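All remarks here apply to the structure that follows.
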Amino acid sequence: MFALCDCNNFYASAERLFRPELIGKPLVVLSNNDGCVIARSEEAKACGIKMGDPEFLVRDLIKKFDIHVFSSNYVLYGDISERVMHNLGRWFPRLDVYSIDEAFGWLGGIRNLENYTPVIRSSVIRNTGIPVSIGVAPTKTLAKLANKLSKKAGGVMVLDTDKKISAAVKDFPVHDLWGVGRQHYKKFEQLNISTAGQLREMPEMWFKQNMTIIGQRMWNELWGRPVIPLDAVRETKKGITVSRSFRNYIEHPDILAEALTLYASRLAEKLRAENLRCLYLQVFLYTNKNREDHPQHFPSHTHKLLIASNSTSDLVSIAVRVSAMLFKYGVKYRKAGVIASGLVPESELQLNVFASHDNGKKDVVSQVLDKLNLAYGRGTLRMATEGYDKKWRLKHEYLSKGYTTRWADIIKVI
DNA sequence: TCTGGGGTCCTAGGACCC
DNA sequence: TCTGGGGTCCTAGGACCC
């Protein structure tokens, strides 16, 4: 049996952990650049704020109901997430951490799940202060479904018999199923399928012909036949991305180069932190697709390195060069990013006869960068092309403190 | 005026190989 | 006039996830 444990309104709950006076009050967390709502407390949901609502469109509601607003504080959420996962790990010998706020656990050979599961739940809540819900079922897809139902059933839902599964599936909205997005939903709608129960009754042949292998998997999982395994050991990453929207539009290549310098520097740091190098560096630019009156441009280019690298100066110079190549005058750019792929461990450096190389040594400049920035804070030492005033930099006006990660922000008890 | 960021998996199609 | 078949690898793009 699989258990899906997920934190309720995770970012909102994490913010509330250090602001107990906000318990029972409406609260939302905004995306980067304070763009749109990405988490709401139950009270904020009741005020009519929807997931993904742009902040400027719900500003009136926020004022009207006196909703507390936070910019996203990923350092804080990452740290709280680790605590939750650590606690879950004590109950599940095999834990598959699926995202920042949820994990699949394996419940093999345990009987009496109806009694056991609530114990796990209350233990995690007691130890971390973060409310969690747990759904239990014979497949991952059904565990996700059970988890969703658990939110309105006291935080725990165990589907351990065919009878319980059939009852749960019967009226479950098909668009809430794991793996059903807008496109698949449209397809189901045309066939008058609106519940998971109806979907399950379709012949397997239909999935084969209309939905690729993903549909067949879903069909089997809905019938309680596990097809998606527990992924206890995360495989190495396939790619690493750093991308951000700009606070203001960028319309000049030199300013664009500043942003790309920062993003490529961050990317190189991330690669070094994971002891990886990349063979491909992709650079992309976006315009604002919500503005039909602006000329649109979504160029991208992938550069292949002769030798895999994670050096800040290498990646920055490529990113800046490629961005200059992609840039067009007269276009308002909204966002840009860099993606590293073709990742190889530092220990497996493949040399190239046609290029100079460092014989596998770490490059000294990057080492110094990492050392100084770790000791004195990110950005202490950086590349000159990153610029000085950075008007394009992220907006986060409602940022909470680094309660658990920054000495100066630790709560004092007087 | 103001609409996030970082991932995964799958498929189709092209290039290339023998 | 008639020009194969079976692979692999890579990339782009779509769909989905949180």
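In what follows, every chain begins at residue 1, and chains take the letters A, B, ... in the order their sequences are listed. The model shown is predicted, which means the values in this text are computed figures rather than measured ones.
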Please give, in whole Å, the distance from [N] [atom2] to [X] [atom1]?
| X | N | atom1 | atom2 | value |
| --- | --- | --- | --- | --- |
| A:Q296 | B:dT3 | CD | P | 12 Å |
| A:D34 | B:dG4 | CG | C1' | 11 Å |
| A:I214 | B:dC9 | CD1 | C1' | 6 Å |
| A:E221 | B:dC9 | CD | C1' | 15 Å |
| A:I38 | B:dG5 | CD1 | C1' | 9 Å |
| A:L271 | B:dG7 | CG | P | 10 Å |
| A:K50 | B:dT3 | NZ | C1' | 15 Å |
| A:R247 | B:dT1 | CZ | P | 18 Å |

### Task
Taking side chain to side chain donor-acceptor pair (under 3.5 Å) as the test, write out the residues that go with A:D409, two or more places apart.
A:R406

### Message
Please compare A:L394 and A:R217 by the position of their nearest nucleotide in DNA chain B and report the one closer to 5'.
### Response
A:L394

Can you figure out which of [options] approaches the side chain of [X] most closely?
| X | options | answer |
| --- | --- | --- |
| A:S243 | B:dT3, B:dG5, B:dG4 | B:dG5 |
| A:N32 | B:dC2, B:dC9, B:dG4 | B:dG4 |
| A:Y249 | B:dC9, B:dG4, B:dC2 | B:dC2 |

### Task
Not counting sequence neighbours, list each pair that qualifies as a ring-ring contact (aromatic ring centres under 6.0 Å, His included) and has a residue in residues 244-264 of chain A.
A:Y249-A:H294

### Query
So which pairs with a foot in residues 307-335 of chain A pass ring-ring contact (aromatic ring centres under 6.0 Å, His included), sequence neighbours left out?
A:H297-A:Y333, A:F327-A:Y329, A:F327-A:Y333

Does [X] have a side-chain nitrogen or oxygen under 4.0 Å from the phosphate oxygens OP1 or OP2 of [N]?
| X | N | value |
| --- | --- | --- |
| A:Y280 | C:dT11 | yes |
| A:S245 | B:dG5 | yes |
| A:K238 | B:dG7 | no |
| A:T241 | B:dG5 | no |

### Message
Below 4.0 angstrom, which residues in residues 281-291 of chain A have at least one non-hydrogen atom near DNA chain B?
### Response
A:N290, A:R291

### Query
Between residues 317-343 of chain A and DNA chain B, which residues have a heavy-atom gap below 4.0 Å?
A:R334, A:K335

### Sugar-phosphate only, base, or nothing, as touched by A:I240 at under 4.0 Å among non-hydrogen atoms
sugar-phosphate

## Note on the structure
Contacts satisfying salt bridge (Lys or Arg N to Asp or Glu O under 4.0 Å) that involve residues 246-261 of chain A (not counting sequence neighbours) are A:E251-A:K332

Could you tabulate the donor-acceptor pairs under 3.5 Å formed by side-chain atoms of residues 184-192 of chain A, not counting sequence neighbours?
| from | atom 1 | to | atom 2 | distance (Å) |
| --- | --- | --- | --- | --- |
| A:H184 | ND1 | A:G179 | O | 3.3 |
| A:K187 | NZ | A:N210 | O | 2.9 |

If you measure only the distance, is there a donor-acceptor pair under 3.5 Å linking the side chains of [X] and [Y]?
| X | Y | value |
| --- | --- | --- |
| A:N9 | A:E42 | yes |
| A:S341 | A:Q282 | no |
| A:T128 | A:N87 | no |

### Message
Can you confirm whether A:K151 is buried at NZ, in the sense that more than 12 heavy atoms of other residues, nucleotides or ligands lie under 6.0 Å from that atom?
### Response
yes

Enumerate, atom names and distances included, each donor-acceptor pair closer than 3.5 Å involving a side-chain atom of residues 312-319 of chain A, sequence neighbours excluded.
| from | atom 1 | to | atom 2 | distance (Å) |
| --- | --- | --- | --- | --- |
| A:T312 | OG1 | A:R272 | NH1 | 2.9 |
| A:T312 | OG1 | A:R272 | NH2 | 3.2 |
| A:S313 | OG | A:S311 | OG | 3.2 |
| A:D314 | OD2 | A:S309 | OG | 2.8 |
| A:S317 | OG | A:S313 | O | 3.3 |
| A:S317 | OG | A:D314 | O | 3.0 |

#### Entry: A:D6 and its side chain to side chain contact (heavy atoms under 4.5 Å, CB included) partner, picked from A:V132, A:V84, A:D101
A:D101

### Summary
A:F104 meets the ring pair (Phe, Tyr, Trp, His ring centres under 6.0 Å) criterion, sequence neighbours left out, with A:Y98, A:W178

### Task
List in chain and number order the residues that pass ring pair (Phe, Tyr, Trp, His ring centres under 6.0 Å) with A:F298, two or more places apart in sequence or in another chain; answer none if no residue qualifies.
A:Y286

### Task
Provide the distance between the two P atoms, one in C:dC18 and one in B:dT3, to the nearest whole Å.
25 Å

### Summary
The dot-bracket string of DNA chain B, counting Watson-Crick and G-U wobble pairs with both distances under 3.5 Å, using [ ] for crossing pairs and | for pairs to another strand, is ....||||||||||||||

### Any A:F18 side-chain heavy atom under 4.5 Å of A:L76 side chain
yes

### Message
Taking A:R59 first and then A:E55, would you say they form a salt bridge - that is, a charged N and a carboxylate O separated by under 4.0 Å?
### Response
yes

### Sequence-aligned protein contact record of nucleotides 13-18 of chain C, with B where the base is within under 4.0 Å of a protein heavy atom and S where only the sugar-phosphate is
--SSSS

